[in-house]
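Read through the structure below, which is laid out as structure tokens, and then see the notes.
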Amino acid sequence: MRHVEHAMGTVFSFDVRHPHGTGQAVAEAVAWLHRVDGIFSTYRPDSPVSRLDRGEIGLADCPPEVADILDLCDSVAEISHGYFTVRPWGRLELSAMVKGWAIEQASLILTRSGAVNHCVNGGGDLQLTGTAAPDRPWRVGIAHPLRPGDLATVVAGCDLAVATSGTAERGPHILDPHTGRPATELASITLVGESLTMIDAYATAAFAMGGAARMWVERLEGVEAFAVTASGGTWCTSGFGGEGEAAAEFRRGAKTRP
Amino acid sequence: MRRVILAVLVTTVGLVLLLSFKPHEITASADPPSAVSQNGSGSAGNTDASAGSTKNTGSSATSGDKVVTGDAADTRWGPVQVELVLSGGKVTNIKVLQAPDGNNRDIEINNQALPILKEEALSAQSAQIDTVSGATYTSDGYTQSLQSALDKAGL
């Protein structure tokens, strides 16, 4: 079944590859997304995170998920040498961490209910589990950041997280925290791994790094990257085109797998 | 009428690409770029616009096909909207309903992007694309057409 839900300022597409009996699980996952939105929204002045940012309440007064997310942010900030930050614009901004985490949790809700073959796509970042069909892995088109509607490459796999950061829709909006200026070296970067919680945050940090992200991702275990530079060139990390879960096939100059 | 225009457009773009790639071989019409050959109905080598417009209708909608129109995507270059023609659950054709044409840069991008879009999206579907990853879009921009069209089509 398919379900499209507007939440957290973006759109979540559920694609569950089971013939029946998944409606309740999807409803539960959707309710989860709205609960997360209520906690972390910076657009709602009465949300716990908004009140925490203004100093009206302390961390202990917030739902426990807020402390969990802040811990995750700290670890990504450390792993990314400060390229990931929770206050890019001066205000507490956790959405770069929250979205991937919320999607992965929604995916877990579906898995726990028995719907093990599914894809949850939140604004272009996705967690997918199982297979698209009994004999076929999921196939993810990577949108080309410089040619609207075009695909830059295709990633195929099972139990995969895919996150893309870039300027395609909103223009330069990711700051390099070390310079305070928008990152412009890359048009987009796609990270592939197992857990969207980390992959999504890593993608934000990698975009801020620019070309340096290539060596950084090479050293991250179980994570691969594919980037389109501002001038339209592409590069990828050494494992991106290989076999295994992160196997990817390039649309140009390479054969397509059956 | 639209299919005729599309066929002529593709053929014309093909000629432009031929001329730009092989400036000294204007008669090299037997070696078309892939953007033309992807049009599907076997007349790819024909660079005569009128012949192409009649033969290339084979991949357009016929009875029994389903047509799905994507939402208009408000991209940085302007609105982009595509229409998918489905036959037996597979995408058999893609039409570009809207594309930016506001200035020279847009036109330059269009001339490159539109035939490539058609080529890529068709080949992507033949490889059975399930979903699309891209830079964060907003609710308003979910209109990113390929994903919204895929959702609507329920592929």
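Since the structure is predicted, the reported quantities are computational estimates derived from the model, not experimental observations. Computed from heavy atoms alone, side chains included, the values below leave out hydrogens, waters and symmetry copies. In the text below, chain A, chain B and the rest are named by the order of the sequence lines, each starting its count at 1.
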Under 4.5 Å from any heavy atom of chain B, what part of A:A133 do you find: side chain, backbone, both or neither? neither
With only heavy atoms counted, which part of A:L126 is less than 4.5 Å from chain B, the side chain, the backbone, both or neither? side chain
Taking all atoms of both residues into account, what is the closest heavy-atom pair of A:S47 and A:S41, and its distance? OG-O, 2.5 Å
Checked A:I142, A:L128, A:V140 vs chain B; the most non-hydrogen pairs under 4.5 Å come from A:V140
If the plane angle is over 60° it's perpendicular, under 30° parallel, otherwise tilted; pick one for A:F226 and A:F240. parallel
So, the side chain of A:H18 versus the backbone of A:V116: is there a donor-acceptor pair under 3.5 Å, distance only? yes
Pair B:D130 + A:R136, salt bridge at N-O below 4.0 Å: yes
